[in-house]
2 protein chains.
Amino acid sequence: MTSQRTSPGTTDVLPDEVDPASDAMTWTIAEVADEFGVTHRTVRHYEDLGLISPERRGTTRVYHRRDRTRLGLVLRGKRLGFPLEEIRTIIDLYDAPRGRRSQLEYVLAQIDERRADLEQRRRDLEAALAELDGFERRCREDLGRMR
Amino acid sequence: MTSQRTSPGTTDVLPDEVDPASDAMTWTIAEVADEFGVTHRTVRHYEDLGLISPERRGTTRVYHRRDRTRLGLVLRGKRLGFPLEEIRTIIDLYDAPRGRRSQLEYVLAQIDERRADLEQRRRDLEAALAELDGFERRCREDLGRMR
DNA sequence: CACGTTCTTGACGTTGACGTCAACGTAAAG
DNA sequence: CTTTACGTTGACGTCAACGTCAAGAACGTG
């Protein structure tokens with residue numbers, strides 16, 4: 001009934017093998033937790049913070065494709081080191097109403113801020129990788145001199 | 001006596017304008033804290049965790065170039081979202097003794113692990129930036145249709 | 001229909017990363 | 001020689017991000 005095989009630490013936001021045609025497909029909390037490799041407590045915590053808002057059938061949570069999309073975005077944000085509160089403002093942006101012109105311009109301004117942040121991270125990341133490369137080279141030279 | 005002008009959120013690990021010739025130059029805790037844009041409490045916390053280990057003159061801490069280098073690495077690691085404990089193992093790696101062959105090979109293995117981690121982050125980052133770009137395009141199209 | 005499985009809502013505990021006092025030492029400046 | 005500016009060590013507080021019970025409700029299955 002649900003998808004399998006989603007190893008943690010992937011770049012994709014969604015686990016694969018999800019029937020693309022069924023927009024009406026739903027999942028239980030255990031299913032989404034398993035597929036995304038988190039506990040149900042984590043999923044509930046994200047709901048408490050307003051990161052996802054599953055439907056309720058009676059008292060039970062029912063997750064739709066939209067919730068999975070958002071959960072995927074949350075976890076990628078976490079892998080990138082963003083705090084959950086900040087992640088919420090970001091993904092809320094994607095779902096924000098953009099009817100009026102002022103709203104659209106606000107959204108565009110937010111996008112610029114976000115991009116600046118991400119690009120700073122990219123520079124840090126490239127610098128760290130470059131240093132790692134240089135360090136490995138020196139280590140290999142040391143190793144060459146030893147034998 | 002000390003350097004100025006280091007805005008937070010830079011990619012460089014060290015504040016600029018530091019006399020490159022003086023290896024014997026030292027700094028107080030207030031100086032390094034100010035230059036790196038953190039509190040003295042933060043600097044002490046990092047010392048508690050073994051991230052830096054300044055010299056002591058009597059009871060007073062004296063910071064050398066080495067400490068500043070490590071502090072810079074710590075803060076960049078933080079900007080990348082790594083926990084402090086993990087940061088410690090990473091930067092300790094740079095200072096690890098590599099005398100024996102087995103040590104060198106251990107270090108090289110660690111480097112590979114680190115690189116894999118960083119590259120995963122890079123993929124996440126690129127994906128996030130790509131999504132942001134696509135989203136901006138759609139917003140601009142909406143904006144174009146409105147006027 | 002009893003039973004085990006899965007779901008629910010609290011509520012308290014924990015860990016990381018510091019902030020925030022309090023209380024005290026020390027060294028230069030007026 | 002007192003004041004002022006920094007420095008020091010605790011020790012406790014706080015906030016985020018969950019973990020970890022506890023104690024029911026609801027649901028399919030033999």
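Naming: A, B, ... by sequence-line order, numbering from 1 per chain. Values in this document were obtained by computation on a predicted structure and should not be read as measured data.
Summarising the geometry, the separation between CG on B:D48 and P on C:dT15 is reported as 17 Å, rounded to the nearest angstrom. Note: CZ (B:R79) to P (C:dA17) measures 16 Å, nearest angstrom. Atom CD of B:E86 is separated from atom P of C:dT15 by 18 Å (rounded to the nearest Å). Rounded to a whole Å, the CD atom of A:E47 is 14 Å from the P atom of C:dC7. In this structure, B:I29 places its CD1 atom 19 Å from P of C:dG25, rounding to the nearest Å. Atoms CZ (A:R57) and C1' (D:dC27) sit 15 Å apart, rounded to a whole Å. When rounded to the nearest whole Å, the span between CZ of B:R56 and P of D:dT8 equals 7 Å. D:dC6 atom P lies 11 Å from atom CD of B:E31, rounded to whole Å.
The ring-ring contact (aromatic ring centres under 6.0 Å, His included) check on B:F135 picks up A:Y94, with sequence neighbours excluded. Under the salt bridge (charged side-chain N to carboxylate O under 4.0 Å, His left out) criterion, B:D142 pairs with A:R98, B:R145, not counting sequence neighbours. With sequence neighbours excluded, no residue forms a side-chain hydrogen bond (donor to acceptor under 3.5 Å, both in side chains) with A:E113. Applying the side-chain hydrogen bond (donor to acceptor under 3.5 Å, both in side chains) test to A:E55 and every residue at least two apart in sequence or in another chain returns A:R57, A:H64. Annotation: side-chain hydrogen bond (donor to acceptor under 3.5 Å, both in side chains) contacts of A:D95 (sequence neighbours excluded): A:R66, A:R70.
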Between the protein and nucleotides 18-22 of chain C, which nitrogen or oxygen pairs come in under 3.5 angstrom?
unit_1 : atom_1 : unit_2 : atom_2 : d
C:dC18 : OP1    : B:K78  : NZ     : 3.0
C:dC18 : OP2    : B:Y46  : OH     : 2.9
C:dC18 : OP2    : B:K78  : NZ     : 3.2
C:dG19 : OP2    : B:T39  : OG1    : 2.7
C:dG19 : OP2    : B:T42  : OG1    : 3.3
C:dG19 : N7     : B:R41  : NE     : 3.3
C:dG19 : O6     : B:R41  : NH2    : 3.1
C:dT20 : O4     : B:R41  : NE     : 3.0

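Figure legend: B:R121 and B:F82 shown as a cation-pi pair, the cationic atom lying under 6.0 angstrom from the six-membered ring centre and within 45 degrees of its axis.
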